[in-house]
K.L.:
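Okay, here's the structure, questions in a sec.
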Amino acid sequence: MNTTRSGRPALTRPDGTPLRVLVVDDDPDLAEVLTGALRYEGWEVRAAGDGAAALAAARELLPDAVVLDVMLPDTDGFAVLRRLHAVRPGVCVLFLTARDAVEDRIAGITAGGDDYVTKPFSLEEVVARLRGLLRRAGMARVQEEGPRLIVGDLMMDEDAREVTRAGELVELSPTEFELLRLLMRNPRRVLSKAQILDRVWSYDFGGRAHVVELYISYLRKKVDAGRDPMIHTVRGAGYVLKPVPR
């Protein structure tokens, strides 16, 4: 079973892609801490400081879960939740509040919230509550150890030797497959032409840089064609595969 850097079993969306979480709080320091803790889980996280920004971010991100402060500068969290449900009906919502009154808890649940955490809270508690909500809602699964590599919306099944991007099959030659596998096993890491030649072709570097350039161009036409690019050239250093920022 795969684990997060915190040692917990890794959770992903059912299709294996990272869970998407929106953090809504007008305290930028708290939002930054929460965002960092959730990214530590391997999730894709956005932050918003008010209701209007939250709704705009939700339309773009389509989150699986929202960590939502009850008190916001332009509205309250309950009103935001009602509008969020129009954008993402099944979204899981964990309310944050500085108030511990029973009436507030009832209001949050009545508005459609799934759980409630009172400030001050521990980050471990927020993460644990979110993990539980997402699993109970069927929006997350434990990522089993297996032959799949996932970078952003690009997925490789090493056993089946299949590659998909955003769910669409990408047909690759054996050499293209091995080159992409090397890049996917080293996401965000710049690989030199010499390293690529050594690991994919088992060649000494020599004068064969053009082979790498040629196959990188082939991969780009298949993996990046018509989409935001994931394969990037770092001038004078090599190539790197990075997920598309959202």
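Heads up: numbering here begins at 1 and tracks the sequence. Just the heavy atoms: all of them, side chains too, but no hydrogens, waters or symmetry mates, feed the values below.
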K.L.:
Could you go through the salt bridge (Lys or Arg N to Asp or Glu O under 4.0 Å) check for Glu168 and Arg165 one step at a time?
P.N.:
CA-CA 5 Å; Glu168 295 183 11; Arg165 180 156 184 201; over 6 Å; no
K.L.:
Could you see if Val234 belongs to whatever hydrophobic cluster contains Ile216? Use Ile, Leu, Val, Met, Phe, Trp, Tyr and a side-chain cutoff under 4.5 Å.
P.N.:
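Not linked; separate clusters.
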K.L.:
Could Asp25 and Lys119 be called an ion pair, given the rule that one side-chain N must be under 4.0 Å from one carboxylate O?
P.N.:
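Between Lys119 and Asp25 there is a salt bridge, with a charged N closer than 4.0 Å to a carboxylate O.
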K.L.:
Do Tyr218 and Leu172 make a side-chain contact, defined as non-hydrogen atoms from C-beta onward lying under 4.5 Å apart?
P.N.:
no
K.L.:
Return the CG to CG distance between Leu241 and Asn186, rounded to the nearest 0.5 Å.
P.N.:
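Leu241 CG to Asn186 CG: 9.5 Å, rounded to 0.5 Å.
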K.L.:
So which atom in Val151 and which in Pro187 form the shortest heavy-atom distance, rounded to 0.1 Å?
P.N.:
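Smallest interatomic distance, heavy atoms only, reads CG2-CB, 4.0 Å.
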K.L.:
Between Val212, Leu182, Val200, which is the residue that forms a side chain to side chain contact (heavy atoms under 4.5 Å, CB included) with Leu191?
P.N.:
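Testing each of Val212, Leu182, Val200 against Leu191, the sole residue satisfying side chain to side chain contact (heavy atoms under 4.5 Å, CB included) is Leu182.
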K.L.:
So do the side chains of Leu11 and Glu41 get within less than 4.5 Å of each other, counting heavy atoms only?
P.N.:
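When only atoms from C-beta onward are counted, Glu41 and Leu11 do not touch, as no gap falls below 4.5 Å.
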K.L.:
Linking I/L/V/M/F/W/Y whenever their side-chain heavy atoms sit closer than 4.5 Å, directly or via other members, would Val240 and Met230 fall into one cluster?
P.N.:
no
K.L.:
Just by modelled atom types, is the Ala58 backbone N or O under 3.5 Å from a matching donor or acceptor in the Arg88 side chain?
P.N.:
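No, Arg88 side chain to Ala58 backbone: no donor-acceptor pair under 3.5 Å.
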K.L.:
Would you name the heavy atoms of Gly152 and Thr17 that are closest together and state the gap between them?
P.N.:
O-CG2, 4.1 Å
K.L.:
Given 3.5 Å as the limit, does a donor-acceptor pair link the side chain of Asp157 with the main chain of Ala160, or not?
P.N.:
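Side chain of Asp157 to backbone of Ala160, a donor-acceptor pair under 3.5 Å: yes, one is there.
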K.L.:
Say whether, by atom type as modelled, one donor and one acceptor occur between the side chain of Asp114 and the main chain of Leu133 under 3.5 angstrom.
P.N.:
no
K.L.:
Under the salt bridge (Lys or Arg N to Asp or Glu O under 4.0 Å) test against Arg181, which residue among Glu162, Glu176, Glu158 passes?
P.N.:
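Per the salt bridge (Lys or Arg N to Asp or Glu O under 4.0 Å) rule, the option paired with Arg181 is Glu158, out of Glu162, Glu176, Glu158.
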K.L.:
Above 12 or not: heavy atoms from other molecules or residues under 6.0 Å from NZ of Lys242?
P.N.:
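For Lys242, atom NZ is not crowded (no more than 12 foreign heavy atoms under 6.0 Å).
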K.L.:
Heavy-atom count check: over 12 atoms from other residues, nucleotides or ligands less than 6.0 Å from Arg83 CZ?
P.N.:
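Atom CZ in Arg83 is not packed in, count stays at 12 or less.
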K.L.:
Could you measure the distance from the NZ atom of Lys222 to the CZ atom of Phe177? Nearest 0.5 Å is fine.
P.N.:
12.5 Å
K.L.:
According to a 4.5 Å side-chain heavy-atom criterion applied to Ile, Leu, Val, Met, Phe, Trp and Tyr, with indirect links allowed, do Val91 and Phe78 form part of one hydrophobic cluster?
P.N.:
yes
K.L.:
Looking at Ala31, is its backbone amide N or carbonyl O close enough to the side chain of Thr35 to form a donor-acceptor pair, meaning the two atoms are under 3.5 Å apart?
P.N.:
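At least one qualifying donor-acceptor pair exists.
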K.L.:
When you check the gap from the basic side-chain N to the acidic O, do Glu213 and Lys193 get nearer than 4.0 Å?
P.N.:
yes
K.L.:
If you apply the rule side chain to side chain contact (heavy atoms under 4.5 Å, CB included), what do you find for Tyr239 with Arg220, and how did you get there?
P.N.:
CA-CA 12 Å; Tyr239 303 97; Arg220 281 178 166 146; 4.3 Å; yes
K.L.:
Is a side-chain N or O of Asp64 found less than 3.5 angstrom from the main chain of Leu134, in a donor-acceptor match?
P.N.:
no
K.L.:
Is there side-chain contact between Pro243 and Arg188, with at least one heavy-atom pair below 4.5 Å?
P.N.:
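Yes, at least one pair of side-chain atoms sits under 4.5 Å.
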K.L.:
Return yes if some donor-acceptor pair links the side-chain N/O of Asp50 with the main-chain N/O of Pro73 below 3.5 Å, else return no.
P.N.:
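No; judged by distance alone, with no hydrogens or angles, the pair does not exist.
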K.L.:
Counting only N and O atoms by type, is there a donor-acceptor contact under 3.5 Å from the side chain of Asp69 to the main-chain atoms of Val24?
P.N.:
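No, Asp69 side chain to Val24 backbone: no donor-acceptor pair under 3.5 Å.
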K.L.:
Between Ala79 and Asp76, what is the shortest heavy-atom contact and its length?
P.N.:
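That would be N-OD1, 2.8 Å.
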K.L.:
Considering non-hydrogen atoms only, spot the tightest contact between Leu123 and Ala37 and give its length.
P.N.:
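The pair with the smallest heavy-atom distance is CD1-CB, 4.1 Å.
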K.L.:
Decide yes or no for Leu180 and Leu154: does some side-chain heavy atom of the first lie under 4.5 Å from some side-chain heavy atom of the second?
P.N.:
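Yes, side chains in contact.
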K.L.:
Would you say the side chain of Arg185 lies within less than 4.5 Å of the side chain of Arg199, judging by non-hydrogen atoms?
P.N.:
no
K.L.:
Atom CD of residue position Glu125 - does it have more than 12 heavy atoms of other residues, nucleotides or ligands inside 6.0 Å?
P.N.:
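More than 12 within 6.0 Å, yes.
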K.L.:
What's the verdict on side chain to side chain contact (heavy atoms under 4.5 Å, CB included) for Leu96 and Leu34, showing C-alpha distance, side-chain angles and the deciding distance?
P.N.:
CA-CA 11 Å; Leu96 304 178; Leu34 281 168; 3.8 Å; yes
K.L.:
Got Leu62 and Val87 here, is their nearest side-chain heavy-atom distance under 4.5 Å?
P.N.:
yes
K.L.:
Which atom pair, heavy atoms only, marks the closest approach of Ala57 to Leu22?
P.N.:
CB-CD1, 3.8 Å
K.L.:
Within the side chain of Arg129, is there an N or O that forms a donor-acceptor pair under 3.5 Å with the backbone of Tyr116?
P.N.:
yes
K.L.:
Could you tell me which non-hydrogen atom of Gly42 sits nearest to which non-hydrogen atom of Pro18, and how far apart they are?
P.N.:
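Shortest heavy-atom contact: O-CB, 3.6 Å.
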K.L.:
Report whether Met156 and Val244 are members of the same hydrophobic cluster (ILVMFWY, side-chain heavy atoms less than 4.5 Å apart, transitive linking).
P.N.:
yes
K.L.:
Dump the intermediate steps for side chain to side chain contact (heavy atoms under 4.5 Å, CB included) on Leu183 and Leu219, then the final yes or no.
P.N.:
CA-CA 11 Å; Leu183 293 171; Leu219 269 188; 4.1 Å; yes
K.L.:
Going through the distances and angles, do Trp43 and Leu130 end up as a side chain to side chain contact (heavy atoms under 4.5 Å, CB included)?
P.N.:
CA-CA 11 Å; Trp43 301 347; Leu130 276 178; 4.2 Å; yes
